[in-house]
Each structure stands twice: as C-alpha cells, then as structure tokens.
2 protein chains.
Amino acid sequence: MTDKSPAAGKPIRTAITSEDGIDFAIIELFFFAYRDFTSDPDQILADYGFGRAHHRVLHFVNRRPGLTVAELLDVLKITKQSLARVLKQLIDTDHVVQLQGPRDRRQRELYPTAKGRALALALARPQSRRIHAALEDSGAAERTLVERFLEAMVNPELRAQIDVGSAKMSGKSHGEH
Amino acid sequence: MTDKSPAAGKPIRTAITSEDGIDFAIIELFFFAYRDFTSDPDQILADYGFGRAHHRVLHFVNRRPGLTVAELLDVLKITKQSLARVLKQLIDTDHVVQLQGPRDRRQRELYPTAKGRALALALARPQSRRIHAALEDSGAAERTLVERFLEAMVNPELRAQIDVGSAKMSGKSHGEH
DNA sequence: GAAATTACGTCAATAGTACTGACATAATCT
DNA sequence: AGATTATGTCAGTACTATTGACGTAATTTC
C-alpha cells in the first residue's frame, strides 16, 4: 500500500519555498486566520442548530435592514435555492421577518427582529474581540492599513457593495448605487 | 406569506452599527476577502474534479514534504475519515505519494510528486498575485504588518505550527519540535 | 512474549452547504 | 395581452465534514 504503483511519480523531498515569488506565508496565514475567525461564532450557532450560512444571512440582514431577497443573493453570491432553506429557518425561528416591498409588492424586504439582532451581536462579539486582540498594540494607522489590505483583496467589481461603515456610510441607505 | 405569524417579532429598521464597539467593517471585509481569495484556485480545481479540501492537503504536503497522516490531520483539524477520500484521490491521480516512515513503519510520510508540486504552484499563483496586487503600493513594513495581523488572528495554541517561511525556517525540517 | 497502544485504513450513516434544472405564482412592465 | 421580474419550491446531485465502529500492522509496555 505504501508502495508506489509502477507509473507513480517520484517523491519531491524539498519544501515548496517562496520560489517564483509565491507568497506562501500570507496564503497560509489567511487560511489559519479565517478558520479560527469563523470558529468562534460556529460554536454559538451549534446551540441553535444553525450553521455558517445562517450567520451570513443574519449578518447582512442586520447590516442592511430592508434588503430584498435578490439583493441578499447578490451580496452572498449564492443561488436562491441555497438561501431558501436557511432563510426559512431564520424566519420560522423568529430571527428575521419579511415585509412586502412598498414600491414593488413582489419584493420581500428582510428585517431582523429583536431576537435576530441579539443573535447577530452575540455572533459578532467574539469575532470583534479577536480582531481587537490582534490589533492590540496597534494604532489607528495600522487598523486602517489592515482594512485597506482586506478591501484590496476583494474583487474590484464587488467593492461597491461594501460599507466600510466607519469611513463611508455617507447617507446612503443601501441599494442606491 | 409576507404577514408575520401572531407571535412574530417586530422588524428592526435600523442598521446594526459599530455600537458595543463591534468591528463590523473588518468582520465583513474578512468574509468578502476570503471568499474571493479562495475563488481563484476553486476554478482551477474544478477542472480536476477537486475541491477546496484537495487544495489544502496539496498545499501542506508541498509545504512540509514528509509529514505524516497524523500531522496533516492535526494541521487541518479534520478527522481521518474526512481526509481519507481526499487523500486517496490525490494519491490515485499521482499528485501525492506515500512512503513508509523510516523510524516507525506504521507511519505514512506524504510527499508531492512533480505533478502535485506543479498543481500546488498553479493554485497558489493567482492567490499570490492577488496578495501582491493588494500590497501594490505598500512597502515591506506594511507587508509585515499584515502578516502580524493575520498571525495574531490565529489561535495562540496553533501559532507554533505555522512556518512564516520568509522569517523563520531556521533549519528545522518539519517535525522536530 | 503477551497485552496494550498507536498509526492508519475503511465501512456506514448523517449533516450542512452548495449546485443545476424545472416549474409555479403574483406583480409589474411593455 | 404578453413578456418579464421577484420570489418560492420541488427534485436530484456534489462536496466537505461529522461520529461511531471495526480491522490490521507495528511499536511500546509490562
């Protein structure tokens, strides 16, 4: 079983390095960082029988109350079939409510309830604590730099969707590009 | 359907803000950044019928050639059952080979083949390009700062496992802690 | 040397998140 | 009136992950 089959390639014994200018350090750090970053809320979600998808929906419904299903799909970049189950559960458990769109009655505007707001905050709290700890002995300049870096990592077409909040938020509600 | 059931909570119409000192900006940016970061290799992997799990295994086998199955499980924090299918496929497709451990013949040391090395590089290339683009007009100081931030986001117990590579790599092969 | 432990592999069942494709309904637009 | 849009839903599939159980070979312990 350990033996290589006749045509198998020979083992390479040297570690891949920063040859070709590949940034393995940050690639790897990003993986570890994101995994641990998401592990905090995952634990809380498990108590509710929810998963990471519920977190994402809850997050954006709280960040942009009144967004429509289509807008949510666009932000999350998933299909409506994927959203359906998750959103239904959040509605059934009274974390999110749907209201008929005022202009267009086909639309469903999504709003958090007090319960949904509380859960969103509870999920964000450990993540925020982790961020603060990571920036512990950093000043505002470093914070901004990290924000800039992360924003620059996002596909340019999508940056418009992002409210940095602290900086922007210049009187736009959400969908008025 | 749009109507709330009798006991449903009332909609909250105000966006969640940085109240309670929650760092929503970075939380959200981290989500978008990581999603786009992983989307690059995902496209390549699809051509091989592989998924993200294959990428992770391939990455660490290339970064630490000769690591054992147990070490790989420890780094990835998954179960051996989860690893089994993915690793088997990588071995069957001649991207990874197993060698019997020299000291302990129960162990399987994992090595990339030339094919596996090439794929690992191909997957890392667009990610590295994205990182470079994000750090475009940044100096070495900013790069270090981003690295420090990401490292600080990782659970402290796990930081030992991380080779920053550019910095460390002080003559240790991999498993000689 | 026998017993316990370790490293690995594998079978079976389940869960969560995603996908494509198809079809239905109501509302709005042309 | 007919086309398009926004949403919902059904069915089938894929990938990644889980827990639990069992098997085998190699090493360690007594």
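Note on naming: letters A, B, ... go to the chains in the order of the sequence lines (proteins, then strands), and numbering restarts at 1 for each one.
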Does the side chain of [X] reach to within under 4.5 Å of the side chain of [Y], using non-hydrogen atoms?
{"X": "B:T68", "Y": "B:E71", "answer": "yes"}
{"X": "A:Q98", "Y": "A:I91", "answer": "yes"}
{"X": "A:L99", "Y": "B:P11", "answer": "yes"}

Expressed as a whole number of angstroms, how long is the span from [X]:[atom1] to [N]:[atom2]?
{"X": "B:I91", "N": "C:dC8", "atom1": "CD1", "atom2": "P", "answer": "12 Å"}
{"X": "A:L110", "N": "D:dT7", "atom1": "CG", "atom2": "P", "answer": "8 Å"}
{"X": "A:L87", "N": "C:dA18", "atom1": "CG", "atom2": "P", "answer": "13 Å"}
{"X": "B:Q98", "N": "C:dC8", "atom1": "CD", "atom2": "P", "answer": "9 Å"}
{"X": "A:K88", "N": "C:dG16", "atom1": "NZ", "atom2": "P", "answer": "16 Å"}
{"X": "B:D47", "N": "D:dC15", "atom1": "CG", "atom2": "C1'", "answer": "17 Å"}

- Item | Results of ring-ring contact (aromatic ring centres under 6.0 Å, His included) for B:F30 - residues two or more places apart only |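 Scan of B:F30 (ring-ring contact (aromatic ring centres under 6.0 Å, His included), adjacent residues dropped) gives A:F30, A:Y34, A:F37.
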- With sequence neighbours excluded, what pairs up with B:H55 under the ring-ring contact (aromatic ring centres under 6.0 Å, His included) test?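 B:H55: no ring-ring contact (aromatic ring centres under 6.0 Å, His included) contacts found.
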- Salt-bridge criterion met for B:R159 and B:E151 (N-O under 4.0 Å):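 Not counted as a salt bridge, because no side-chain N and carboxylate O are separated by less than 4.0 Å.
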- Query: Between B:D23 and A:R143, is there a salt bridge with N-O shorter than 4.0 Å?
  - Reply: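 Answer for the salt bridge query: yes.
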- Message: Per the salt bridge (charged side-chain N to carboxylate O under 4.0 Å, His left out) rule, what does the pair list look like for residues 37-58 of chain A, sequence neighbours excluded?
- Response: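 Residue pairs with at least one partner in residues 37-58 of chain A: A:D40-A:R130, A:D42-A:R52.
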- Of all of residues 37-44 of chain B, which get a heavy atom below 4.0 angstrom from DNA chain C, listed by number?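 Here the set is empty: none.
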- For every nucleotide of nucleotides 25-30 of chain C, 5' to 3': is a protein heavy atom under 4.0 Å from its base (B), only from its sugar-phosphate (S), or from neither (-)? -BBS--
- Are B:H54 and B:Y48 close enough that their ring centers fall under 6.0 Å?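 No, the ring of B:H54 stays outside the 6.0 Å limit from the ring of B:Y48, centre to centre.
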- Task: Please check if the side chain of B:R35 supplies one atom and the backbone of A:V154 the other of a donor-acceptor pair under 3.5 Å.
- Result: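 Side chain of B:R35 to backbone of A:V154, a donor-acceptor pair under 3.5 Å: no, none is there.
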- Message: Run the ring-ring contact (aromatic ring centres under 6.0 Å, His included) test on B:F31 and B:F24 for me, step by step, so that the C-alpha distance in whole Å, both residues' side-chain angles and the decisive distance to 0.1 Å come before the verdict.
- Response: CA-CA 11 Å; B:F31 161 66; B:F24 285 109; over 10 Å; no
Every protein N/O within reach of nucleotides 16-19 of chain D N/O, cut-off under 3.5 Å:
from: D:dT16; atom 1: OP1; to: B:G51; atom 2: N; distance (Å): 3.2
from: D:dT16; atom 1: OP1; to: B:R52; atom 2: N; distance (Å): 2.9
from: D:dT16; atom 1: OP1; to: B:A53; atom 2: N; distance (Å): 3.3
from: D:dT16; atom 1: OP2; to: B:R85; atom 2: NH1; distance (Å): 2.8
from: D:dT16; atom 1: OP2; to: B:R85; atom 2: NH2; distance (Å): 3.1
from: D:dA17; atom 1: OP1; to: B:R56; atom 2: NH2; distance (Å): 2.2
from: D:dT18; atom 1: OP2; to: B:T79; atom 2: N; distance (Å): 2.9
from: D:dT18; atom 1: OP2; to: B:T79; atom 2: OG1; distance (Å): 2.8
from: D:dT18; atom 1: OP2; to: B:S82; atom 2: OG; distance (Å): 2.6

